[in-house]
2 protein chains.
Amino acid sequence: MTASKTAAAVKPARAARKEPPAEAAAETSELMMGELSELLGYALKRAQLRVFEDFLQSVAPVQLTPAQFSVLLLLDANPGRNQTEIATTLGILRPNFVAMLDALESRGLCQRTRSPSDRRSHILMLTDKGRATLARAKKLVATRHEARLTELLGRDNSEALLAMLAKIAREF
Amino acid sequence: MTASKTAAAVKPARAARKEPPAEAAAETSELMMGELSELLGYALKRAQLRVFEDFLQSVAPVQLTPAQFSVLLLLDANPGRNQTEIATTLGILRPNFVAMLDALESRGLCQRTRSPSDRRSHILMLTDKGRATLARAKKLVATRHEARLTELLGRDNSEALLAMLAKIAREF
DNA sequence: TATTGTTATACTCTATAACTATA
DNA sequence: TATAGTTATAGAGTATAACAATA
């Protein structure tokens, strides 16, 4: 691929247009995307769906969804936090986090324990199996998923993309 | 495993530590995002949610969702197509497109008419009201929504972002 | 009285099978 | 037989209210 040097150098790389059949016969010609091609929200949604789909496939050996992977990552980086803290940090509502945790805990990947200081809280921790699974998942994500993505865009562009998306989520 | 060891291209998320609560005072300290900050899929999802949320708000006067707006745009660019063609182009399954069209048609924005050549098909067209609503929506999107997004990222970066997202959706 | 985890519930999206009317 | 639109339905994801235990 023609890897560009800077973020702003990325070109639309228009897929070579297929010529509309010269014969006046073809009933099913290509539809015009029109101004949809310029809609950032539309591109964002389509890219997100594709990336999640590829993530799922890449990480299939450990059977983790993007959401589950994000929970394990956060538990690893923040051992000893409670459900509310982990859930809200991920933008997950507390009621919806219960079933998610049930699934992870029933697979032996993490553990709930009542906090001695505040017996209302459930302290969350990865189990050894959870850490092992996370490590394996990280490797799959890096080698199967992100490597290909970085290859597609180029390293610099890939980092620029991540930075812009984070900025949108944070400041828009 | 700490990711901040070698890795030439990895830039430290934050070189200078913000004072971690040296004293045993702050009970509810900030959680570590950890490697979640490097996950493109996560950033993609959060950005997408934020952008759709802002779209909805910006376009509230005409009461259109991002999906409905994309349908109107596509109908405008491709008058006289049938439901299957419009739906599949947008990645919408035919069964799910029925209710969407019902909503738009009941608001008088578009119209289904049986094709004379193939009476199974419904030819789709925007009504005058649909075109007027679309025009108004486009203006709102441009001035309220995309203008602010472009301002946040800069024009060149904004275009680079769109190009990269489209590339991911198309080629990844 | 307020908060944590939880249940119940509802609404949107998405996905599949099957029906009808046409072809 | 196959296709277009449709219905029914089921599953995720997401949202709010309310309850028991605890503070």
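Note that the structure is a prediction, hence the values are computed from the model and not measured. Within every chain, numbering begins at 1; the chains are lettered A, B, ... in the order of the sequence lines, protein sequences first and strands thereafter. Below, all heavy atoms of this structure are taken into account, side chains as well, without hydrogens, waters or symmetry copies.
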**Study point:** Interface limits on DNA chain C, where chain B has a heavy atom under 4.0 Å of a nucleotide atom
**Key:** C:dT14 to C:dA23

Point to revise | Any side-chain donor near an acceptor of the partner, A:Q63 and A:R107, under 3.5 Å | key: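 There is no such pair between these side chains.
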
Review point. For residues B:R81 and A:S29, is any side-chain donor paired with an opposing acceptor at under 3.5 Å?
Key: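 The criterion, which ignores hydrogens and geometry beyond distance, is satisfied for A:S29 and B:R81.
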
Exercise for review: Examine A:F69 together with B:Y42 and report whether their ring centres are nearer than 6.0 Å.
Suggested key: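 No, they do not, as the ring centres are separated by 6.0 Å or more.
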
Exercise for review: Map A:P116 and A:G91 onto DNA chain D by nearest heavy atom, then report which one ends up closer to the 5' terminus.
Suggested key: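 The answer here is A:G91.
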
Just the table, please: protein N/O against nucleotides 2-6 of chain D N/O, every pair under 3.5 Å.
| unit_1 | atom_1 | unit_2 | atom_2 | d |
| --- | --- | --- | --- | --- |
| D:dT3 | O4' | B:R120 | NH1 | 3.4 |
| D:dT3 | O2 | B:R120 | NH1 | 2.8 |
| D:dG5 | OP1 | B:Q83 | N | 2.9 |
| D:dG5 | OP1 | B:H122 | N | 3.0 |
| D:dG5 | OP1 | B:H122 | O | 3.4 |
| D:dG5 | OP2 | B:T84 | N | 2.7 |
| D:dG5 | OP2 | B:T84 | OG1 | 2.5 |
| D:dG5 | O3' | B:H122 | ND1 | 3.2 |
| D:dT6 | OP1 | B:R112 | NH1 | 3.1 |
| D:dT6 | OP2 | B:Q83 | OE1 | 3.1 |
| D:dT6 | OP2 | B:Q83 | NE2 | 2.7 |
| D:dT6 | OP2 | B:R112 | NH1 | 2.8 |

Review point. Can A:E53 and A:R50 be said to form a salt bridge (charged side-chain N to carboxylate O under 4.0 Å, His left out), step by step?
Key: CA-CA 5 Å; A:E53 183 182 39; A:R50 181 66 196 100; 2.9 Å; yes

Revision key, fill the gap. d(B:D76 CG, B:K138 NZ) to nearest 0.5 Å is 5.0 Å

Review point. In Å and rounded to the nearest 0.5 Å, what is the OG to CG distance from A:S158 to A:L149?
Key: 5.0 Å

**Study point:** Result of checking A:L104, A:I123, A:L124 against A:R112 for side chain to side chain contact (heavy atoms under 4.5 Å, CB included)
**Key:** A:L124

Exercise for review: Report the C-alpha distance between B:R144 and B:D54 in whole Å, list the side-chain angles of each, state the deciding distance to 0.1 Å, and finish with yes or no for salt bridge (charged side-chain N to carboxylate O under 4.0 Å, His left out).
Suggested key: CA-CA 9 Å; B:R144 293 192 184 187; B:D54 186 85; over 6 Å; no

